[in-house]
Peer 1: 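Supplied in structure tokens, the structure appears directly below.
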Amino acid sequence: MYNYVLSSSHSCGQVIIEALLSAHLIGASERALMPGVLPISPLVWPHLCTNSRQVVKMSATGIRKPGFESPAIKLPSHPTYDLKGVVKLALAEDAGDRGDVTCMATIPLDMEVEAHFLAKEDGIIAGIALAEMIFHEVDPSLKVEWSLKDGDHVHKGLQFGKVSGRAHSIVIAERVVLNFMQRMSGIATLTKAMADLAHPATILETRKTAPTLRLLDKWAVLIGGGKNHRMGLFDMVMIKDNHISAAGGIINAIRSVDEYLGQKNLQMEVEVETRTLEEVNEVLQYASQMKTSLTRIMLDNMVVPLPNGDVDVSMLKEAVQLINGRFETEASGNVTIETVHKIGQTGVTYISSDILYQFIAVNLAL
């Protein structure tokens with residue numbers, strides 16, 4: 001009898017997923033190798049087994065639906081993002097030019113295992129759909145089953161999924177799967193907390209994402225109950241202070257955008273950043289006199305921190321009242337888990353914050 005616990009430990013987190021593997025030897029004969037996706041696949045993928053096999057089994061509880069269904073919350077769209085390429089890069093980064101030398105040295109080539117996911121703390125789970133994709137990329141013969149979907153709440157002790165198949169394939173995939181899941185679950189859990197406190201306002205993220213992981217970070221925000229801000233520089237016009245300075249003023253900047261979109265025959269959302277009530281009034285006056293493509297006004301740093309740790313939202317509230325529903329509004333600056341509820345009660349449409357990416361990574365193990 002063999003017992004395996006492959007784990008990873010981080011200081012803290014909302015959700016811990018653990019898979020315990022117990023094995024007993026049944027026999028050993030080989031079956032044809034299914035092709036891997038890494039350029040070092042001959043090193044990563046030793047032989048598979050066919051008839052008599054070593055099988056790792058564990059009692060299955062809580063598994064209600066086999067197989068994988070289309071994710072309830074889909075990956076945000078992007079014209080150039082290659083998610084499959086990101087997955088392949090992550091796997092190749094881990095395998096290097098030799099593959100998993102420890103796995104090949106210690107785990108019998110024909111062993112099959114069944115690994116269970118177990119939540120050890122409460123939280124929001126995210127990355128289930130991505131995990132399915134990674135397991136399939138590593139070895140299409142792996143069978144993955146879930147009892148939950150992305151965005152579901154997990155409580156301590158809940159067993160919510162399992163993966164079964166060739167031990168080598170599972171071990172090769174496990175670190176990449178867990179790294180993505182712990183990041184996404186951390187973002188989703190924090191987003192859920194912020195979104196609940198912000199109601200009736202809607203939580204948005206920013207572009208301050210990890211390079212090459214933007215869509216995954218933004219996907220996690222959606223899973224947690226937030227909404228996506230612009231994907232990048234291409235899908236929304238966002239006039240900020242540097243654009244305003246370069247254009248010679250806030251009205252010149254808006255006018256230039258209106259002219260550019262007209263010339264290019266482009267239709268997209270347009271947001272302008274305002275920092276004072278005077279700028280808000282300037283924008284409203286321009287919009288009352290000219291046809292404009294403007295759709296949203298950002299109210300930047302109109303939440304003022306107080307010495308006692310509270311915030312003064314009176315300027316923000318006045319700006320929202322001035323706009324009076326003519327445009328969407330977005331509060332930005334000094335947004336924290338402690339201040340977001342008060343900000344959300346001002347009548348603002350959206351609250352954007354990069355704090356969603358200052359998450360505590362979820363502890364995971366497989």
Side-chain angles (χ1 to χ4, degrees), residues 2-21 23 34 36-46 56 58 83-109 111-120 123 125-144 146 150 160-188 210-213 216-217 219-220 359-366:
Y2 304 94
N3 293 306
Y4 300 92
V5 179
L6 308 175
S7 63
S8 127
S9 178
H10 297 269
S11 58
C12 52
Q14 292 75 33
V15 185
I16 299 176
I17 300 171
E18 185 177 80
L20 305 178
L21 310 182
M34 297 191 73
V37 298
L38 302 180
I40 39 72
S41 57
L43 294 169
V44 174
W45 309 110
V56 174
M58 179 181 175
L83 179 57
K84 192 171 183 179
V86 170
V87 168
K88 286 184 175 182
L89 180 62
L91 291 168
E93 175 185 63
D94 216 19
D97 61 350
R98 286 194 174 90
D100 189 342
V101 292
T102 310
C103 176
M104 290 186 286
T106 60
I107 300 178
L109 301 183
M111 178 177 285
E112 293 202 350
V113 301
E114 183 177 281
H116 286 231
F117 289 90
L118 176 70
K120 298 185 72 175
I125 196 66
I128 284 178
L130 180 61
E132 175 85 7
M133 185 184 305
I134 295 167
F135 282 127
H136 186 268
E137 190 73 21
V138 168
D139 184 350
S141 72
L142 292 177
K143 183 180 180 182
V144 188
W146 308 102
D150 282 323
F160 64 90
K162 66 179 180 179
V163 55
S164 56
R166 194 165 160 273
H168 276 234
S169 299
I170 293 174
V171 172
I172 288 164
E174 60 95 16
R175 177 44 48 201
V176 174
V177 167
L178 296 178
N179 284 353
F180 280 129
M181 286 190 74
Q182 69 184 12
R183 179 182 182 86
M184 292 182 69
S185 296
I187 294 172
T212 74
L213 298 182
L216 298 181
D217 286 356
W219 194 6
F359 59 94
I360 298 173
V362 171
N363 287 341
L364 307 175
L366 182 65

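Sequence positions, counted from 1, serve as the residue numbers for this chain.
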Peer 1: Are the side chains of Ile187 and Met184 in contact, using a 4.5 Å heavy-atom criterion?
Peer 2: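 No, too far: nothing below the 4.5 Å cut-off.
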Peer 1: For Ala167 versus Val113, what's the shortest heavy-atom pair and its separation?
Peer 2: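 Closest heavy-atom pair between Ala167 and Val113: CB-CG1, 3.6 Å.
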Peer 1: Any side-chain heavy atom of His168 sitting closer than 4.5 Å to one from Asp100?
Peer 2: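 No, too far: nothing below the 4.5 Å cut-off.
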Peer 1: Would you check if Val163 and Trp146 make a side-chain contact, meaning some heavy-atom pair closer than 4.5 Å?
Peer 2: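 No, too far: nothing below the 4.5 Å cut-off.
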Peer 1: Looking at Asp150 and Ala129, would you say the former's side chain and the latter's main chain have a donor-acceptor pair under 3.5 Å?
Peer 2: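 The answer is yes, because a donor-acceptor pair under 3.5 Å joins these two groups.
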Peer 1: Using every non-hydrogen atom in the two residues, find where Ala173 and Val138 come nearest and quote the distance to one decimal.
Peer 2: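 Here Ala173 and Val138 meet closest at CB-CG2, 3.8 Å.
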Peer 1: Quick check: closest heavy atoms across Ser169 and Asp139, and the distance to 0.1 Å?
Peer 2: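 So the two residues come closest at OG-OD2, 2.7 Å.
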Peer 1: Under the 3.5 angstrom rule, does the side chain of Ser185 hit a backbone N or O of Ala126 as a donor-acceptor pair?
Peer 2: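 Present.
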Peer 1: If we only count heavy atoms from C-beta on, is the Ile125 to Met181 side-chain gap below 4.5 Å?
Peer 2: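 Yes, at least one pair of side-chain atoms sits under 4.5 Å.
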Peer 1: Can you tell if the side chain of Leu216 reaches within under 4.5 Å of the side chain of Leu83, non-hydrogen atoms only?
Peer 2: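 In contact.
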Peer 1: My understanding is that only residues two or more places apart in sequence, or in another chain, count here; which of them pass side chain to side chain donor-acceptor pair (under 3.5 Å) with Asp217?
Peer 2: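 Checked Asp217 against side chain to side chain donor-acceptor pair (under 3.5 Å); matches are Arg183.
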Peer 1: Do Leu130 and Trp219 have side chains that get closer than 4.5 Å, going by heavy atoms?
Peer 2: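 Of all side-chain heavy-atom pairs linking Trp219 with Leu130, at least one is under 4.5 Å.
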Peer 1: Quick one, Phe135 and Lys143 - any side-chain contact, counting heavy atoms below 4.5 Å?
Peer 2: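 Side-chain contact under 4.5 Å: no.
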